[in-house]
Protein chains: 2
Amino acid sequence: MIQKLISKIQKTGAPIVVGLDPMLNYIPEHIQKKAFGEFGETLEGAAEAVWQYNKAIVDAVYDLIPAVKPQIAMYEQFGVEGVKAFKKTVDYCKSKDLVVIGDVKRGDIGSTSAAYAVGHLGKVQVGSQTYAGFDEDFATVNPYLGSDGVKPFMEVCRQEKKGLFILVKTSNPSSGEFQDRLIDGRPLYELVGEQVARWGEECMGDSYSYVGAVVGATYPEQGKVLRKIMPKAYILVPGYGAQGGQGKDLVHFFNEDGLGAIVNSSRGIIAAYKQEKYGKFGPEHFAEASRAAVEDMAADIRQALENR
Amino acid sequence: MIQKLISKIQKTGAPIVVGLDPMLNYIPEHIQKKAFGEFGETLEGAAEAVWQYNKAIVDAVYDLIPAVKPQIAMYEQFGVEGVKAFKKTVDYCKSKDLVVIGDVKRGDIGSTSAAYAVGHLGKVQVGSQTYAGFDEDFATVNPYLGSDGVKPFMEVCRQEKKGLFILVKTSNPSSGEFQDRLIDGRPLYELVGEQVARWGEECMGDSYSYVGAVVGATYPEQGKVLRKIMPKAYILVPGYGAQGGQGKDLVHFFNEDGLGAIVNSSRGIIAAYKQEKYGKFGPEHFAEASRAAVEDMAADIRQALENR
């Protein structure tokens with residue numbers, strides 16, 4: 001799957017992943033109205049609105065991008081109905097040949113991580129049959145529990161040719177509270193990065209590992225160091241756009257081969273129509289605004305990489 | 001909710017939480033057979049088997065215990081159908097007046113943690129209506145992202161009078177890989193414990209905070225230190241039984257008032273019928289075996305606390 005991700009990045013020329021993180025207040029009124037008309041102001045109605053919103057955005061941008069990253073929290077907030085919309089979104093994106101990164105940030109003790117890995121990336125045995133539960137292509141994983149929380153995911157990835165992005169240095173303002181604490185003179189995130197590199201060696205694709213890392217665009221200096229510590233890891237970079245990251249901050253997340261990083265934008269793409277810059281599209285044409293925002297983001301990153 | 005948990009612990013005399021972490025291979029054949037007969041060897045069939053298994057165990061033990069802890073990974077492995085069984089289990093346990101600890105180990109950047117908090121503990125706005133998605137009483141939270149990953153959970157807990165257990169020192173063998181690394185001469189888990197104590201001060205019940213901690217029974221020495229660092233935090237202690245923890249290891253997790261800790265057992269209770277000790281019950285009477293295992297566990301802990 002890392003090979004598929006890389007070849008799609010090369011084909012589109014856009015190392016971009018669109019974060020499908022729908023909040024109800026991003027969704028234009030006409031979509032909400034239609035969904036509520038059909039299902040009432042219920043969890044089912046909300047899930048239908050989310051799904052129609054996602055579908056329209058995916059239809060508008062799928063040819064420009066290699067991957068999407070649905071954030072499962074935004075679906076879990078609507079309970080079981082929301083989780084159904086998550087699954088529907090995953091399936092639809094795969095039908096459009098997009099690589100699907102399930103932003104689930106799971107991680108637990110061994111046997112429990114194994115269950116998560118099976119549910120999100122693998123297949124579960126039921127009697128004589130096997131089934132894929134959610135069936136994303138990649139999942140994000142929290143490393144706080146150490147190797148035996150991560151290795152069950154690696155095992156399923158080996159079987160299914162799927163991949164992981166391990167949280168190393170997250171994009172949020174307080175990420176330094178624990179991640180930056182110095183251990184033998186070096187921040188915790190560097191030690192996690194070194195461990196990601198070691199895990200990654202056990203899971204190599206052709207040129208990159210299918211064990212990648214999450215490093216926030218909001219921390220470009222740290223990204224530069226981590227790029228060197230994990231030369232074979234693909235870096236998933238959140239925090240572009242709404243969280244403050246810009247194209248020029250991103251160059252050090254990439255390797256000299258122009259590969260090695262994929263940049264996420266969520267709100268900046270899916271709610272682009274709410275920005276002044278894309279205001280001319282209006283809520284009716286929100287999906288076209290998303291397409292324009294993807295094109296602008298791709299150009300911004302391309303230019304930053306050319307100028308480095 | 002922390003008050004309810006404490007008063008139920010006092011009433012039952014059992015600081016015990018039963019981990020409802022069903023694996024299909026724990027579930028007696030007659031239950032699987034019936035579920036597969038009705039729904040086929042499908043995800044729906046598996047979810048039905050899980051639900052019937054849980055229900056029988058809850059019916060057999062609910063009067064002996066204050067709380068249950070369904071591990072959502074074990075449900076997510078069966079995809080959407082599994083998540084439905086999770087919700088059914090949560091609702092059923094609440095109808096039996098059990099405190100439900102959702103073992104979800106969520107944690108993300110601020111706005112995303114807020115969505116998880118709303119989905120698992122709070123209420124989501126849909127048009128003019130509000131709905132509870134999963135509606136557990138407590139949730140477990142991963143602290144790797146720092147305060148802005150945890151505070152949105154605290155906020156929802158304040159509104160809903162619910163609670164949290166933050167991962168501090170986990171029960172698994174490799175938990176030390178990052179958690180034990182020394183920062184200014186002290187292990188990371190102590191710094192996380194100090195932060196839990198600070199977060200907890202903002203969320204006090206009568207005598208204990210509704211921000212608690214997870215510390216594994218497998219690390220009794222660390223538990224002793226953490227008990228002092230977080231005097232007002234309830235400690236959720238996994239790792240009893242199948243993972244190797246024993247009653248005598250647990251005493252230091254409790255305060256002098258005999259409160260302050262609640263010990264989880266999952267496999268040791270729900271699959272008790274598979275142990276030689278409870279073999280006489282047989283698979284047909286698995287729920288009675290679970291009841292006997294709860295009684296033995298409560299006695300083991302009671303005795304350990306009396307002997308300290």
Side-chain angles (χ1 to χ4, degrees), chain A residues 21 24 32 36 41-43 45-46 71 73-74 76-80 82-84 87 105-110 112-113 115-116 118-120 124-129 131-134 142-149 167 170-179 181-183 188 191-192 195, chain B residues 21 24 32 36 41-43 45-46 71 73-74 76-80 82-84 87 105-110 112-113 115-116 118-120 124-129 131-134 142-149 167 170-179 181-183 188 191-192 195:
Chain A
D21 308 354
L24 269 187
Q32 293 197 42
F36 295 160
E41 288 183 345
T42 60
L43 293 174
Q71 166 53 260
M74 299 306 173
E76 285 185 35
Q77 67 181 325
F78 301 111
V80 170
V83 174
K84 281 190 206 168
K87 174 61 177 151
K105 295 193 179 64
R106 301 306 196 242
D108 209 299
I109 67 167
T112 308
S113 270
Y116 277 131
V118 158
H120 287 279
V124 68
Q125 188 84 30
V126 179
S128 58
Q129 308 292 315
Y131 296 94
F134 290 104
N142 187 309
Y144 189 67
L145 289 91
S147 287
D148 49 45
L167 304 190
T170 55
S171 62
N172 56 312
S174 76
S175 72
E177 203 169 298
F178 302 123
Q179 297 166 25
R181 297 304 300 262
L182 296 181
I183 293 160
L188 172 61
L191 305 191
V192 177
Q195 189 60 280
Chain B
D21 309 354
L24 269 187
Q32 293 197 43
F36 294 160
E41 288 182 346
T42 59
L43 292 174
Q71 166 52 261
M74 299 306 172
E76 284 185 35
Q77 68 182 324
F78 300 111
V80 170
V83 174
K84 283 190 208 168
K87 174 60 178 152
K105 295 193 178 64
R106 302 304 197 241
D108 209 298
I109 67 166
T112 309
S113 269
Y116 277 132
V118 159
H120 287 279
V124 69
Q125 188 84 30
V126 179
S128 59
Q129 307 293 315
Y131 296 95
F134 289 105
N142 187 309
Y144 189 67
L145 288 93
S147 288
D148 49 43
L167 304 189
T170 56
S171 61
N172 55 313
S174 75
S175 72
E177 203 168 299
F178 302 123
Q179 297 165 25
R181 297 305 299 262
L182 297 182
I183 292 161
L188 172 61
L191 305 192
V192 177
Q195 189 58 283

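Just so you know, these numbers use all the heavy atoms, side chains as well, and skip hydrogens, waters and symmetry mates.
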**Message:** Heavy-atom pairs under 4.5 Å with chain B: which of A:Gly149, A:Ala132, A:Ser113, A:Pro143 has the most?
**Reply:** A:Pro143
**Message:** I'd like to check the salt bridge (Lys or Arg N to Asp or Glu O under 4.0 Å) partners of B:Asp108; sequence neighbours left out, ordered by chain and number.
**Reply:** A:Lys105
**Fill in**
So, the part of A:Asn142 with a heavy atom under 4.5 Å from chain B: the answer is side chain
**Residue selection (most heavy-atom pairs with chain A, distance under 4.5 Å) from B:Val126, B:Asp21, B:Val124, B:Val83** = B:Val126
**Complete:** Bottom line for A:Glu177: the part with an atom under 4.5 Å from chain B's heavy atoms is side chain
**Prompt:** In terms of heavy-atom pairs under 4.5 Å, which option from B:Val192, B:Val80, B:Thr170, B:Asp148 contacts chain A the most?
**Reply:** B:Asp148
**Request:** Please look at A:Tyr144 and chain B and tell me whether the side chain, the backbone, both or neither of the residue comes under 4.5 angstrom of a heavy atom of that chain.
**Result:** both
**Message:** Counting heavy-atom pairs closer than 4.5 Å to chain B, which one of A:Ala115, A:Gly133, A:Gly176 comes out on top?
**Reply:** A:Ala115
**Prompt:** Any idea which of A:Ser175, A:Gly110, A:Gly146, A:Ser174 has the most non-hydrogen atom pairs under 4.5 angstrom with chain B?
**Reply:** A:Ser174
**Asked** For A:Thr42, what residues pass the side chain to side chain donor-acceptor pair (under 3.5 Å) criterion, not counting sequence neighbours?
**Response** none
**Message:** Which atoms of A:Leu188 are under 4.5 Å from chain B, going by heavy atoms: the side chain, the backbone, both sets, or neither?
**Reply:** side chain
**Prompt:** For A:Phe36 and A:Gly45, which heavy atoms make the closest approach, and how far apart are they?
**Reply:** CE2-C, 3.8 Å
**Complete:** If one checks every heavy atom of A:Leu182 against chain B at 4.5 Å, the contacting part turns out to be backbone
**Fill in**
With chain A, the option among B:Ser147, B:Gly82, B:Gly127, B:Ala46 that has the most non-hydrogen atom pairs under 4.5 Å is B:Ser147
**Complete:** Greatest number of non-hydrogen atom pairs under 4.5 angstrom with chain B, of A:Gln195, A:Gln129, A:Gln179, A:Lys87, falls to A:Gln179
**Request:** Measure A:Thr112 against the heavy atoms of chain B and call it side chain, backbone, both or neither at under 4.5 Å.
**Result:** both
**Request:** Taking the side chain as every heavy atom from C-beta outward, state whether B:Phe178 and A:Ile183 have any pair of such atoms under 4.5 Å apart.
**Result:** no
**Best-contacting candidate, A:Leu43, A:Val118, A:Leu24, against chain B by heavy atom pairs under 4.5 angstrom** = A:Leu43
**Message:** Shorter than 4.5 Å, heavy atoms on both sides: which option in A:Gln125, A:Arg106, A:His120 has the most such pairs with chain B?
**Reply:** A:Arg106
**Request:** Could you grab the distance from atom OH of A:Tyr131 to atom CD of B:Glu41, nearest 0.5 Å is fine?
**Result:** 7.5 Å
**Message:** If you apply the rule side-chain contact (heavy atoms from CB on, under 4.5 Å), what do you find for A:Tyr116 with B:Gln71, and how did you get there?
**Reply:** CA-CA 10 Å; A:Tyr116 277 131; B:Gln71 166 52 261; 3.6 Å; yes
